[in-house]
Amino acid sequence: MIFSSLCTYLCFLGLILTLKKPVCIDSSVVERLDTVSVVGVLQTTETAYRCSANVVVPYSQNLIQTEESVSIKLKNISSVLNSIRSFKKKIHLIVRYDQPLMFEIQNSKLQIGSGLLNADGHLQRGLIKIWLRENMPKQFIQASLFEESIADLIYFSVNGDLSIEDPLTSIKTKLGSAQWPQVLKGADAYCESAWRSSEHFYLCGQLQTQPNEVLAGQMLNLSLRPLVTSSLISSYKNLSFINQQNLISHIDQFLQKRDFNSDQAIGQILKDPNPLKQGILTIKNFSEVFVASDLIAKQEFKQLYSGLTNELQNAGFSDSFAEAYFDYIIEVPDEVSVQSSFFKNLESAAKKNLNLQIAIKDQRQIWILPSRTALPLSAFDRIKSRQNIYFACMNLKEIKIEQFFDQTEKLMLIKGCDQTPDYKFSKLFESGIKEFIRQNDKLKFVQFHIPSLEMKQKELAHVNNFFELVENRDVNRQEFRTLGWTQIQWSDELYAYKPKANIEAIEFFRN
């Protein structure tokens, strides 16, 4: 009886063990899967091999769950990459539960933290990067903008989108939202972006305590990724379906067959201390690497490059000179501190209006908001805006209105430059200049339409102080007749004067 019960128990146990899923990695490209965890104070490693190797390893539920997640994520992308060109080596994948934000590629070994594994896109792009590095010349594979954007293109071609997830915030990358030069970011702003490279999630945390100038310079270049990637993918989407297929199926040849001399290769590592010019150089280098391929003569690649160039131009980029366009420039011809409430209020308002290009300008530099990227004024050949708001600190007679010609469409001169009031900048960006002057009813200002003013510049060249001019509201004054003023109306809604005129060179004022 006892013997019979024992046999039944052993048979039942054997059935359970038989029904258990074998611990192996079901992948055509991964040779070995390791999971690294910390139990108590000890680091433990569990290993599974590809199923066709028939290597028996101890049963582990954590290992099985990891394998299932990995296999699902890699199935489509590994099939596509292998169909283009097979991997030269099988991959050793290490999932780090002890370092959730780790991401490192060494030849065919990929270490990825559990946080990045669980976030959309990072594991797949890691596989793409390994494949790219097997097929690209070595001078292009050091965490370059070229590698990142080509990986984005391949990922998009497989998945139909590019929603790469930030494991810390769950925010995902969004195509088409980047403009030049707003896309340029310093290390701090880059490290807050979902577009940062997978390799940099861990390194960004270290930068807080261990500043690294080399890494910060690399991050400046990689901050251009949303602009370049969006332009590249937009161009790809405009290709015919057959040309899209031809392009992706020959992408390995595009990477390998290139006419690129040693001088051009050296050009890839040239640096410029001016961040704006460094950004221009980086994008130009991207283009030079792109067109260095022998396959650029093929229709699909030629169309892709042509579309890329057009999309970059549509986003405001020009490599002929350093020009920037903003919707709003807030200008103080003195000095602005990033710690001031004035700066922080503007930064907060800009974050709520990411569709607008906004900047703060003082006597030395310009900050692109909300990224806080600071650029010296000497970096630009030209800065233009739709609306300039100029806080006049200096003697008003020293302000030459003609300096704003060909720089802005509309100019508001504000009398004084007190940076302590809580200006309602959010109302400016959300609803426009009329709501701004209504909400800030103590400001003394003159709002100009610059092209109209420029038309009458010769007749008004003697006017040194427009605040003094509008204090006398006699429409029979020669200057007002020149502007075609017939009446000056008071607006209770705006708490400001509005001239009725043939030429709206001065739209509103308050004194």
Any carboxylate oxygen within less than 4.0 angstrom of a Lys/Arg side-chain nitrogen, looking at Glu134 and Arg85? no

Are the charged groups of Lys75 and Asp26 less than 4.0 angstrom apart, N to O? no

Side chain to side chain contact (heavy atoms under 4.5 Å, CB included) evaluation trace for Ser235 with Leu232: CA-CA 5 Å; Ser235 177; Leu232 189 62; 5.7 Å; no

Quick one: are [X] and [Y] in side-chain contact, heavy atoms under 4.5 Å?
| X | Y | result |
| --- | --- | --- |
| Phe391 | Ile389 | yes |
| Phe146 | Leu255 | yes |
| Ser306 | Glu311 | no |
| Asp362 | Asp334 | no |
| Met136 | Lys129 | no |

List the atom pairs, with distances to 0.1 Å, where a side-chain N or O of residues 111-119 and a protein N or O form a donor-acceptor pair under 3.5 Å, not counting sequence neighbours.
from	atom 1	to	atom 2	distance (Å)
Gln111	OE1	Arg96	NH1	2.6
Gln111	NE2	Glu104	OE1	3.4
Asn118	ND2	Ser114	O	3.1

Ring pair (Phe, Tyr, Trp, His ring centres under 6.0 Å): pairs with one or both residues in residues 354-378, sequence neighbours excluded: Phe343-Trp367

Apply ring-ring contact (aromatic ring centres under 6.0 Å, His included) to [X] and list each qualifying residue two or more places apart in sequence or on a separate chain.
| X | answer |
| --- | --- |
| Phe425 | Phe342, Tyr423, Phe436 |
| Tyr97 | none |
| Phe201 | His122 |
| Tyr236 | none |

Tell me, with the steps shown, if Val332 and Lys361 meet side chain to side chain contact (heavy atoms under 4.5 Å, CB included). CA-CA 6 Å; Val332 179; Lys361 179 182 175 186; over 6 Å; no

Sole residue of Arg50, Lys89, His92, Lys90 in side-chain hydrogen bond (donor to acceptor under 3.5 Å, both in side chains) with Glu31: Arg50

Suppose we screen for side-chain contact (heavy atoms from CB on, under 4.5 Å). Which residues come up paired with Gln124, at least two apart in sequence or across chains? Lys73, Ile77, Tyr155

Partner set under side-chain contact (heavy atoms from CB on, under 4.5 Å) for Ser431, not counting sequence neighbours: Glu435

Can you tell me how far the CG atom of Leu281 sits from the CG atom of Asn221, to the nearest 0.5 Å? 8.0 Å

The reported gap from CZ in Arg133 to CD in Gln106 (rounded to nearest 0.5 angstrom) is 10.0 Å

Who passes salt bridge (charged side-chain N to carboxylate O under 4.0 Å, His left out) against [X], sequence neighbours left out?
| X | answer |
| --- | --- |
| Arg125 | Glu148, Asp152 |
| Glu165 | none |
| Asp161 | none |
| Lys434 | none |

Stepwise, does the ring pair (Phe, Tyr, Trp, His ring centres under 6.0 Å) test hold for His200 with Tyr190? CA-CA 10 Å; His200 288 156; Tyr190 168 83; 5.6 Å; yes

Under 3.5 Å, is there a donor-acceptor pair linking the side chains of Thr44 and Ser37? no

With no hydrogens and no angle check, just 3.5 Å: does a side-chain donor-acceptor pair link Asn246 and Glu300? no

Pair Asp166, Lys172 - check salt bridge (charged side-chain N to carboxylate O under 4.0 Å, His left out), show working. CA-CA 6 Å; Asp166 185 326; Lys172 295 184 178 182; over 6 Å; no

Of the non-hydrogen atoms in Leu369 and Ala350, which two are nearest, and what is the gap between them? CB-CB, 3.7 Å

For Ile164 and Gly121, the nearest pair of non-hydrogen atoms, with its separation, is CD1-CA, 3.9 Å

Ile330 vs Leu428, test: side chain to side chain contact (heavy atoms under 4.5 Å, CB included). Steps then yes/no. CA-CA 11 Å; Ile330 314 301; Leu428 170 66; 4.2 Å; yes

Between Arg386 and Phe326, is NZ or CZ placed under 6.0 angstrom from the six-membered ring centre and within 45° of the ring axis? no

Could you go through the ring pair (Phe, Tyr, Trp, His ring centres under 6.0 Å) check for Tyr202 and Phe103 one step at a time? CA-CA 8 Å; Tyr202 177 74; Phe103 191 98; over 10 Å; no

Short question: side chain of Asn388, backbone of Tyr328 - any donor-acceptor pair under 3.5 Å? no

